[in-house]
Asker: 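Below is one structure. I have some questions about it.
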Amino acid sequence: MVGRQVILSGDLDVKSPSTFIRGWRPNPWRTQTVELVLQNGVHYLSIYEKNTTKSTKFEDFELKDITEVTMVPSKTHAHAFHIVSGGAPIIVLSGETSMVSRKWIWAIRKALFPRENIAETKKLFLRLVPNADTTRLNLALGIYIVEVSAVAMEMTFTSDVDRACTPVVPFSAVVPTLGQLRLPLTTLGRVTERGSDDNALVIVETNPDISEHGALSLYFATTDGSHESRSKVISVFKNVLFQATNNLHDCITYSNWDFDDQL
């Protein structure tokens, strides 16, 4: 359709809230295909029967006068969130995982509240320092592109950033060396700094209770070792975490972030 832009699409569990009085009312927590759509300057949620050719559409929910998009308690869905208009929810949805729900919340809020102080993805070039955890995960050693957003910290190994970076040598001849790692922000613990100006490290820790990797400590050194670059790394983590907390406070209620005094 001309002028129709699909911002995000995927399968979500959908239900109408108990206060909903319109005629459309699916069975509680029915899995549907959902699209976040922008058409003629208006945002919609288009709800379809799952796994169809999208000819079976339940309804277009016009996202008008929306005041909040936030996580909501549910007895059956740990990752449920609702969209609120006029002080009352108009629809309740849930992703299969917390990351899916946060992705949808983030996309909807960014579309509806463009002036909100949303943290964009920040990119850093950091050298991963070997320790017991890099050995346990069989992580490649060298320079990584570390992208920090309000959703996750993503690491991608690259050998093209720093000429001083040595080739990757796998720890095991059987298990391939891991060159990528994604850590949801809600699994992060402390972000701290250690060492002198000439040999400083930024340490990112995960919470062992909610991280799939257990207790994990990643040690990073700046590519040039300068105090300015180290301060930039700390500042990026600080700003992204605080902005994510402010913008999606209900979405990340179960986060265990620990802001060190030096942050």
Side-chain angles (χ1 to χ4, degrees), residues 70-71 73 78-79 81 95-103 105-106 117-157 171 178-197 199-223 227 229-263:
T70 183
M71 298 294 281
H79 316 302
F81 64 97
E96 185 177 359
T97 66
S98 61
M99 290 300 295
V100 172
S101 290
R102 286 198 299 272
K103 182 179 180 180
I105 292 175
W106 190 253
N117 189 23
I118 294 177
E120 299 292 343
T121 300
K122 303 296 183 181
K123 183 180 295 186
L124 301 165
F125 296 98
L126 301 174
R127 178 169 56 85
L128 182 64
V129 178
N131 64 4
D133 287 328
T134 60
T135 302
R136 175 169 62 88
L137 296 183
N138 205 28
L139 283 168
L141 298 180
I143 305 299
Y144 279 78
I145 298 175
V146 180
E147 296 180 281
V148 186
S149 72
V151 174
M153 183 186 89
E154 301 186 56
M155 301 166 45
T156 304
F157 176 81
F171 289 104
L178 185 64
Q180 289 186 320
L181 185 64
R182 189 176 194 273
L183 300 174
L185 239 63
T186 52
T187 67
L188 297 189
R190 296 189 304 166
V191 180
T192 58
E193 180 182 358
R194 182 182 300 176
S196 63
D197 289 348
N199 190 27
L201 298 173
V202 175
I203 306 169
V204 178
E205 301 178 8
T206 63
N207 186 291
D209 296 328
I210 54 179
S211 172
E212 64 175 305
H213 304 290
L216 181 65
S217 295
L218 297 176
Y219 289 67
F220 295 100
T222 55
T223 54
H227 179 76
S229 296
R230 188 179 73 248
S231 299
K232 176 184 176 182
V233 174
I234 293 293
S235 177
V236 164
F237 275 96
K238 174 183 175 181
N239 291 338
V240 170
L241 293 177
F242 270 116
Q243 289 181 25
T245 303
N246 291 335
N247 294 333
L248 298 176
H249 56 280
D250 290 322
C251 180
I252 52 178
T253 298
Y254 301 105
S255 171
N256 289 271
W257 294 337
D258 183 355
F259 295 99
D260 230 43
D261 291 338
Q262 58 190 308
L263 294 187

Asker: Is a side-chain donor or acceptor of Ser101 paired with a backbone partner of Gly95 at a separation under 3.5 angstrom?
Answerer: yes
Asker: Report the C-alpha separation of Val129 and Leu201 in whole Å, then their side-chain angles, then the decisive distance to 0.1 Å, and conclude whether the side chain to side chain contact (heavy atoms under 4.5 Å, CB included) test is met.
Answerer: CA-CA 9 Å; Val129 178; Leu201 298 173; 3.7 Å; yes
Asker: What's the spacing between Glu154 CD and Tyr144 OH if we round to 0.5 Å?
Answerer: 13.5 Å
Asker: Could you tell me whether the side chain of Val148 reaches within less than 4.5 Å of the side chain of Phe237, counting heavy atoms only?
Answerer: yes
Asker: For a quick test of reading the model, state the closest non-hydrogen atom pair linking Met71 to Ala78 and the distance between them.
Answerer: CE-O, 4.1 Å
Asker: Which value, rounded to the nearest 0.5 Å, describes the distance between Thr206 atom OG1 and Leu218 atom CG?
Answerer: 7.5 Å
Asker: Considering non-hydrogen atoms only, spot the tightest contact between Leu128 and Phe220 and give its length.
Answerer: CD1-CE2, 3.8 Å
Asker: State, yes or no, whether a side-chain contact exists between Val202 and Leu126 at a heavy-atom distance under 4.5 Å.
Answerer: no
Asker: Could you give the distance from NZ (Lys103) to OG1 (Thr97), rounded to the nearest 0.5 Å?
Answerer: 10.0 Å
Asker: Do Ile105 and Thr70 make a side-chain contact, defined as non-hydrogen atoms from C-beta onward lying under 4.5 Å apart?
Answerer: no
Asker: Which pair of heavy atoms, one from Asn131 and one from Ser217, lies closest together, and at what distance?
Answerer: ND2-O, 2.9 Å
Asker: Just verifying a value: how many Å separate Thr156 OG1 and Leu181 CG, rounded to the nearest 0.5 Å?
Answerer: 9.5 Å
Asker: May I ask you to decide if Arg136's main-chain N or O and Asp133's side chain share a donor-acceptor pair within less than 3.5 Å?
Answerer: no
Asker: Do Thr192 and Ile203 make a side-chain contact, defined as non-hydrogen atoms from C-beta onward lying under 4.5 Å apart?
Answerer: yes
Asker: Are the side chains of Val204 and Met153 in touch, meaning some heavy atoms are under 4.5 Å apart?
Answerer: yes
Asker: Write down the atom of Ala140, the atom of Gly179, and the distance for their closest heavy-atom approach.
Answerer: CB-CA, 4.5 Å
Asker: Could you state the interatomic distance from CG (Leu183) to CD (Glu212), rounded to the nearest 0.5 Å?
Answerer: 8.0 Å
Asker: For residues Arg102 and Phe81, determine if any side-chain heavy atom of one lies less than 4.5 Å from a side-chain heavy atom of the other.
Answerer: no
Asker: What do the steps show when you test Leu137 against His213 for side chain to side chain contact (heavy atoms under 4.5 Å, CB included), and what is the final call?
Answerer: CA-CA 8 Å; Leu137 296 183; His213 304 290; 3.9 Å; yes
Asker: Taking the side chain as every heavy atom from C-beta outward, state whether Ile145 and Lys123 have any pair of such atoms under 4.5 Å apart.
Answerer: yes
Asker: Would you say Phe157 and Ile143 make side-chain contact, with heavy atoms under 4.5 Å?
Answerer: no
